[in-house]
Protein chains: 2
Amino acid sequence: MQEIPDHRRTDRIREALEEMIVEGRFADGERLDEVSLSKHFGVSRTPLREAFQALAGSGLVELRARRGTFVRFPSLEDVVEMFDVMAEIEALCGRYAARRMGPSDRIAMQVALRDCEKAAAENDIEAYYRANHEFHAAIYRASGNRFLAGEAERLHRRLKPFRRLQLRVRGRIQASLAEHGRIFDAIVAGDDAAVSAELRRHIAVQGDGFADLAAGYRATTGGKRTGAM
Amino acid sequence: MQEIPDHRRTDRIREALEEMIVEGRFADGERLDEVSLSKHFGVSRTPLREAFQALAGSGLVELRARRGTFVRFPSLEDVVEMFDVMAEIEALCGRYAARRMGPSDRIAMQVALRDCEKAAAENDIEAYYRANHEFHAAIYRASGNRFLAGEAERLHRRLKPFRRLQLRVRGRIQASLAEHGRIFDAIVAGDDAAVSAELRRHIAVQGDGFADLAAGYRATTGGKRTGAM
DNA sequence: ATCAAAATTCTTGCATACAATAATGTTGAC
DNA sequence: GTCAACATTATTGTATGCAAGAATTTTGAT
């Protein structure tokens, strides 16, 4: 997997803005001012505007004609809907993985699982977050459907800020770890129905999960409603 | 649902190019020349380039740094993968619809179903295509998950050229019609498992379906491999 | 003081200009 | 004739300029 040099301001700025939005550096509904941002990045408005177009594609910003570009947080309802879909997509990946997984896929999952355990033992949330992502990404790839894996990755990325908050809930990491173990075992056993059920349960926002998400949601969005930058 | 007057060249061009690509007016891998297209649309390169960024988001074109913008057809393998995912997404929509559908959703489906029958009776493939889309869109909406409905709609749109070809296969329309009937009945009965199974079967590319798709795929892409415009 | 209309300022959308890189063509050595 | 080095052309990426629309402020009537 070679890295393409890609020295294009448009791309650099798109990535930077994506990161900033996902990290919550802007308020919901905040207008992305072209001139101040172009000063901030040291570029002209042209690459900025191109980056806006790309960002609109992933739904991170909304382009309103003759009004400007506005960052758009999904509503709590949107997030719940996205988690519902994510749960099903993950379940689907897992079902395929249980049937199609190859040896290298198994190793990738095992490595990620080990990293999860290590991060949990050290109580390192950041590391757990990364290892968790890698575990799930390994399942996506093991599905043997690259389009599906891409969609799953995209959605996972979009839900990043909200999942992150869920992990901070007391005891969630230990529970997550146990779930990972069951998921992995079911995949290795080739029990696609079990994998599907475990993954759906692992991702879904139900019961306490919903309360945790709602609390986390308010924590993320609540503090930055008025404007910044 | 008010329409916003969106007099922006970038948007107009994005839509036009999207249509042209989906309709197969470009060859696979063809470079979209900025100057000739800007002449063709009577605009400068700026809105064109912005449209390219937006199109890249939906995967219709590939932006290669310092090389240009190239239309990208999915490979046959890609298409099969996309249909697999589409089948699952539709099944999911149907499952939700069976449980959550309201009276207006039911009416929308019935109307679309009626239109399908009418188009089939008149052997009007174009009309059948539209009514078919409306029937499926009604199911998406009936799912009660707007995010899911949006994703389904997006994927449906992307598969448009390939589905169109499948419908031309002899007897396919009659079969499709019968399947629609069973899907509708199962939704009304609230039998989510049956809906799911029927939809999966309806969409999936398996057995003869695969052969039909492959033949259609070669028919679409085969003729335009070398370049146009 | 309140509100509407006009004037002003700000911002977006687009065209154009120009620099940097890639593609193409040409020349010359062997 | 082949191929490499150089020159030329074409094309992309970005900055800048300008016009049209939106937001804001000012003005004036009541």
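Computed from heavy atoms alone, side chains included, the values below leave out hydrogens, waters and symmetry copies.
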TODO: Starting from the C-alpha separation in whole Å, work towards a yes-or-no answer on side-chain contact (heavy atoms from CB on, under 4.5 Å) for B:Y128 and B:K118.
DONE: CA-CA 8 Å; B:Y128 189 84; B:K118 191 158 153 264; over 6 Å; no
Open item on the list: With salt bridge (charged side-chain N to carboxylate O under 4.0 Å, His left out) as the criterion, how do A:R14 and A:E18 come out once you've worked through the C-alpha distance, each side chain's angles and the decisive distance to 0.1 Å?
Closed with: CA-CA 6 Å; A:R14 182 184 49 68; A:E18 191 172 317; 3.5 Å; yes
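You'll find the side chain of A:F162 reaches within 4.5 Å of the side chain of A:F83, heavy atoms only.
Not counting sequence neighbours, A:E153 has no partner by the salt bridge (Lys or Arg N to Asp or Glu O under 4.0 Å) test.
For A:R66 and B:V35, each mapped to the nucleotide of DNA chain D holding its nearest heavy atom, the one lying further toward the 5' end belongs to B:V35. Nearest-nucleotide positions on DNA chain D for A:T10 and A:R67 put A:T10 closer to the 5' end.
Sequence neighbours left out, the pairs with a member in residues 74-92 of chain A that pass side chain to side chain donor-acceptor pair (under 3.5 Å) are A:S75-A:D78, A:E88-A:R200, A:E88-B:R95, A:E90-A:H136, A:E90-A:Y140.
Atom C1' of nucleotide C:dC14 and atom CD of B:E34 are separated by 15 Å, given to the nearest angstrom. Atom NZ of B:K39 is separated from atom P of D:dT11 by 10 Å (rounded to the nearest Å). The distance between atom NE2 of B:H7 and atom P of C:dC14, rounded to the nearest whole Å, is 10 Å. Here C:dA15 presents its P atom at 8 Å from CD1 of B:I13, a figure rounded to the nearest Å. In this structure, B:D33 places its CG atom 14 Å from C1' of C:dA22, rounding to the nearest Å. As a whole-Å value, the separation of B:D11 CG from C:dT12 C1' is 13 Å. Per the geometry, CZ belonging to B:R31 stands 7 Å off C1' belonging to D:dT11, to the nearest Å. Between the P atom of D:dA19 and the CZ atom of B:R8 lies a distance of 21 Å, rounded to the nearest Å.
Residues from residues 43-64 of chain A with heavy atoms under 4.0 angstrom of DNA chain D, sorted by number: A:V43, A:S44, A:R45, A:T46, A:P47.
A donor-acceptor pair under 3.5 Å links the side-chain atoms of B:R163 to the main chain of B:H156, judged by distance alone.
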